[in-house]
Amino acid sequence: MTATTATTATSTTPPTALHTPVIDWFDKHARDLPWRRPEAGAWGVMVSEFMLQQTPVSRVLPVYEEWLRRWPRPADLAAEPPGEAVRAWGRLGYPRRALRLHNAAAAIAERHGGEVPTDHHQLLALPGIGEYTAAAVASFAYGQRHAVLDTNVRRVFARAVSGTEFPPNATTAAERKLARMLLPEEPATAARWAAATMELGALLCTARGPECAQCPIAELCAWRRAGSPAHQGPVRRGQTYAGTDRQVRGMLLAVLREAAAPVERAVLDRVWHDPEQRNRALNGLVGDGLAERLPDGRYRLPGTG
DNA sequence: TACGCGTGGAT
DNA sequence: TATCCAAGCGT
């Protein structure tokens, strides 16, 4: 619990000065995404938020459309075996999200009368919903006033307000405090602000190659005013992927996803040469509930026929 | 707090 | 080709 002096860095700029230019820009340039349309409803917003956790919009779009057509309400998804959710997840990555979304749908069907809860605390209690997603659903689906801090917003605030090229590796108390201070008073405006700052980070204020020439707050941006100094501090360690358990898990699950019937162990054994790592990956999938071992020794997605 | 967890497009 | 990056969560 160190001193959290939220450096506003806006000694010359009141916090509200950013609202109008950012929201006006959003009114003009917001993408027409299906989960932003009124007919998406809270369930559509929630499904999109799960899929967008660490996965780009372009890859989410077709899978989202298929999910909402197939499972238009939480109870529709809950009525299916979890393996169907994993299969329909396709190649979005991080398939545990599919399992958590299925579990969340079951909880909504049982505990919330089939309706996505409006209460932030109840949202947070659902599997797969953390600080960001709870705030996002409450804000985007229900127009509530919450600080929505995703990687885009954090980067926008780091640059525009704090004057650094990138935010810290992990979300800090100072960032949360700053986000709350910047939040417009009116709930509807706050929700608009949340979506607008995310969109600004996604379209212009990107990690690499920000397009400051088109930015509605370039004149106010603390990072630009400081001369766009290069990032200082520890390099963010890149995640190597080749040869990891994650890669092996992905290859195993791809076989199960595409199989119409339970798969022989010998077939799974062909996806990776090292038996130790292969076994560890397969047992990990079973332990996570992403795969199921039948009494005859074959494997399948959980609960699928 | 740091780490494990998929996948594929962009640079 | 290798690295970076993408609307995080749970432990």
Side-chain angles (χ1 to χ4, degrees), chain A residues 1-2 26 30-31 33-36 40 44-64 86 89-101 103-104 123-141 146-156 165-173 179 191 194-203 205-210 231 234-257 271 277 280-281 284-285 287-291:
Chain A
M1 207 72 96
T2 57
F26 185 61
R31 290 167 292 179
L33 300 171
W35 45 86
R36 286 179 178 165
V45 172
M46 181 171 151
V47 170
S48 77
E49 291 300 338
F50 271 73
M51 292 181 171
L52 288 164
Q53 291 168 3
Q54 302 283 281
T55 302
V57 167
S58 60
R59 289 172 49 208
V60 164
L61 283 169
V63 183
Y64 170 87
V86 174
W89 198 253
R91 304 189 69 81
L92 287 184
Y94 292 146
R96 292 192 289 192
R97 293 180 290 164
L99 228 41
R100 292 175 184 150
L101 182 49
N103 289 340
L123 286 167
L124 208 47
L126 294 173
I129 294 193
E131 178 183 351
Y132 160 75
T133 304
V137 172
S139 180
F140 302 151
H146 294 281
V148 179
L149 260 190
D150 80 322
T151 187
N152 289 306
V153 177
R154 295 181 61 220
R155 190 173 53 248
V156 168
E165 186 178 16
F166 296 114
N169 276 332
T171 306
T172 63
T197 46
M198 282 181 67
E199 192 78 337
L200 188 62
L203 296 185
C205 196
T206 54
R208 283 191 293 188
H231 180 66
V235 179
R236 295 177 291 185
R237 31 177 292 282
Q239 55 199 36
T240 53
Y241 179 66
T244 61
D245 285 7
R246 258 151 96 187
Q247 185 188 22
V248 182
R249 287 166 58 104
M251 295 168 72
L252 291 169
L253 205 59
V255 172
L256 297 181
R257 260 200 322 264
V271 310
Q277 189 175 23
R280 187 168 65 240
L285 289 173
D288 289 345
L290 284 164

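On a predicted model such as this, the values are computed, not experimentally measured, just so you know. A, B, ... follow the sequence lines: proteins, then strands. Residue 1 opens every chain.
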Suppose you measure atom P in C:dA2 against the same atom in B:dC5; what distance do you get, rounded to whole Å? 22 Å
Using a cut-off of 4.0 Å on non-hydrogen atoms, how would the nucleic acid contact of A:V60 be classed: base, sugar-phosphate, or nothing? nothing
Could you check how far CG of A:L290 sits from P of B:dT7, rounded to whole Å? 11 Å
Closest to the side chain of A:R91, out of B:dC5, B:dG8, C:dA7, is B:dG8
What nucleic acid atoms does A:L33 come within less than 4.0 Å of, heavy atoms only: base, sugar-phosphate, or nothing? base
Does some side-chain heavy atom of A:T133 sit less than 4.5 Å from a side-chain heavy atom of A:V137? yes
When every non-hydrogen atom of A:S48 is compared with those of A:V45, the smallest separation belongs to OG-O, 2.7 Å
Check: A:R100/A:N103 side-chain N/O donor and acceptor closer than 3.5 Å: no
Please determine whether a side-chain nitrogen or oxygen atom of A:T133 lies at a distance below 4.0 Å from atom OP1 or OP2 of C:dC9. yes
In this structure, how many angstroms lie between the P atom of C:dC9 and the CD atom of A:E131, rounded? 8 Å
Please work out if A:T151 contacts a base, only the sugar-phosphate, or nothing of the nucleic acid, heavy-atom cut-off 4.0 Å. sugar-phosphate
side-chain N/O A:R96 vs C:dT11 OP1/OP2, d < 4.0 Å: no
Identify which nucleotide among B:dG6, C:dC5, C:dG8 has an atom closest to any side-chain atom of A:A207, counting heavy atoms from C-beta outward. C:dC5
When you measure only distances, ignoring hydrogens and angles, does the side chain of A:T55 come within 3.5 Å of the base of B:dG6 through a donor and an acceptor? yes
Quick one: A:L52 CG to C:dC9 P, roughly how many Å, whole number? 12 Å
Expressed as a whole number of angstroms, how long is the span from A:M251:CE to B:dG8:P? 12 Å
Over all strands shown, is A:W35 touching base, sugar-phosphate only, or nothing at heavy-atom distances under 4.0 angstrom? base
Interatomic distance where OH belongs to A:Y64 and P belongs to C:dA7 [whole Å]: 18 Å
Looking at A:Q53, does any N or O in its side chain come under 4.0 Å of the phosphate oxygens OP1/OP2 on C:dA7? no
When you compare B:dA10 with C:dA7, how far apart are their P atoms, in angstrom units rounded to a whole number? 15 Å
Of A:L126 and A:A202, the one whose closest DNA chain C nucleotide lies more 5': A:A202
Rounding to the closest angstrom, what is the interatomic distance between B:dT1 and C:dA6 at atom C1'? 23 Å
Would you please confirm or rule out a distance under 4.0 Å between OP1 or OP2 of B:dC5 and any side-chain N or O of A:R97? no
Sugar-phosphate only, base, or nothing, as touched by A:L92 at under 4.0 Å among non-hydrogen atoms: base
If you check every side-chain atom of A:Y241, which of B:dC5, B:dG6, C:dG8 has the closest atom? B:dG6
Where the side chain of A:Y94 is concerned, which of B:dC5, B:dT7, C:dA6 is the nearest nucleotide? B:dC5
Measure across A:S139 and A:A191 and return the closest heavy-atom pair with its distance rounded to 0.1 Å. OG-CA, 3.4 Å
Tell me if the side-chain of A:R246 makes a donor-acceptor pair with the base of B:dG4, cut-off 3.5 Å, by modelled atom types. no
Just call it for A:R155: base, sugar-phosphate, or nothing, with non-hydrogen atoms closer than 4.0 Å on any strand. sugar-phosphate
Separation between the P atoms of C:dT11 and B:dG6, rounded to whole Å: 15 Å
Ignoring hydrogens and geometry beyond distance, is a side-chain donor-acceptor pair present between A:Q53 and A:Y132 at under 3.5 Å? no
In whole Å, I'd like the distance from the CE atom of A:M46 to the C1' atom of C:dA7. 15 Å
Nearest listed nucleotide, side chain of A:R59, among C:dA7, B:dG6, B:dT7: B:dT7
Would you say the side chain of A:M51 lies within less than 4.5 Å of the side chain of A:W35, judging by non-hydrogen atoms? no
If you go through the side-chain atoms of A:R208, does one of them form a donor-acceptor pair with the base of B:dT11 closer than 3.5 Å? no
Classify A:Q247 by what it touches in the nucleic acid, base, sugar-phosphate, or nothing, heavy-atom distance under 4.0 Å. nothing
Heavy-atom side-chain proximity of A:F26 to A:L200 below 4.5 angstrom: no
For A:L101 and B:dC5, give me the distance from atom CG to atom P, rounded to whole Å. 21 Å
Taking atom P of C:dA6 as reference, at what distance in whole Å does atom CE of A:M198 sit? 12 Å
Minimum-distance nucleotide (side-chain atoms of A:R100 versus C:dG10, B:dG6, C:dA7): C:dG10
